[in-house]
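Proteins come first, then strands; the chains are lettered A, B, ... in the order of their sequence lines, and each starts at number 1. FYI, side chains are in, hydrogens and waters are out, and symmetry mates aren't considered; it's all heavy atoms of this structure. Note that the structure is a prediction, hence the values are computed from the model and not measured.
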Amino acid sequence: QKEVEQNSGPLSVPEGAIASLNCTYSDRGSQSFFWYRQYSGKSPELIMFIYSNGDKEDGRFTAQLNKASQYVSLLIRDSQPSDSATYLCAAMNSGYSTLTFGKGTMLLVSP
Amino acid sequence: NAGVTQTPKFRILKIGQSMTLQCTQDMNHNYMYWYRQDPGMGLKLIYYSVGAGITDKGEVPNGYNVSRSTTEDFPLRLELAAPSQTSVYFCASSYVSGDYGYTFGSGTRLTVV
């Protein structure tokens, strides 16, 4: 059973701080990883994807991948109350085009 | 450009009833997927399709059926609804192999009573 594990949270950070969200995955064959943001009652929306070891930056968001440790993280700099949502980590299953999702981490950014 | 459109948005079914959840995409994506999401849980894959006429089971296919007669449409059929099928259902689509992630529909919230 391929699994993606995330701390369910909530992770509480003050406005302007850096939020750090983490996940681990079980399928060593996974090559692509995705972070989705999901507001309550809404559908997931893609924030970032990463394929290569190291960091990938997009605005206030930085995704980090360490394939040796099977670890993916998402850093959100200058967190805003509007970033309060559940963040889903997903891994592309090896040999398929399907994603396995973690249960998500709830982020709360207080003003 | 509508993206992925799901209907209905909400539905209440009685145990034993059947229904079809509709999903249509206008992005000419070959790959389409059905996931369900239960409270506090991640998304679980029900079925997926890599093109018209080709479907395959995901992690939780029991109690569901799909068909893919066109590139645009990927309906999900629930036969003999059970309370365990109470969930939020998301349809998604992607370019070949999903390398750039999925585009999700707005979801269907289904309650079986």
Got a second to check how far [X]'s [atom1] is from [Y]'s [atom2], nearest 0.5 Å?
{"X": "A:K103", "Y": "B:K44", "atom1": "NZ", "atom2": "NZ", "value": "7.0 Å"}
{"X": "B:E59", "Y": "A:T100", "atom1": "CD", "atom2": "OG1", "value": "6.5 Å"}
{"X": "A:L88", "Y": "B:Q37", "atom1": "CG", "atom2": "CD", "value": "6.5 Å"}

- [ ] State whether the number of non-hydrogen atoms from other residues, nucleotides or ligands found under 6.0 Å of B:I15 atom CD1 is greater than 12.
- [x] yes
So if you build clusters from Ile, Leu, Val, Met, Phe, Trp, Tyr with side-chain heavy-atom gaps below 4.5 Å, do [X] and [Y] land together?
{"X": "B:W34", "Y": "B:Y48", "value": "no"}
{"X": "B:L45", "Y": "B:L76", "value": "no"}
{"X": "A:V72", "Y": "A:L11", "value": "yes"}
{"X": "B:V112", "Y": "B:V88", "value": "no"}
{"X": "A:L65", "Y": "A:L75", "value": "no"}

Task: Heavy-atom side-chain contact between A:Q38 and B:F104 under 4.5 Å - done: no
Closest contact, heavy atoms only, [X] versus [Y]:
{"X": "A:L99", "Y": "B:Y35", "result": "O-OH, 2.8 Å"}
{"X": "A:S43", "Y": "B:G105", "result": "CB-O, 3.0 Å"}
{"X": "A:P44", "Y": "B:L43", "result": "CG-CD1, 4.0 Å"}
{"X": "B:Y102", "Y": "A:Y36", "result": "N-OH, 2.7 Å"}

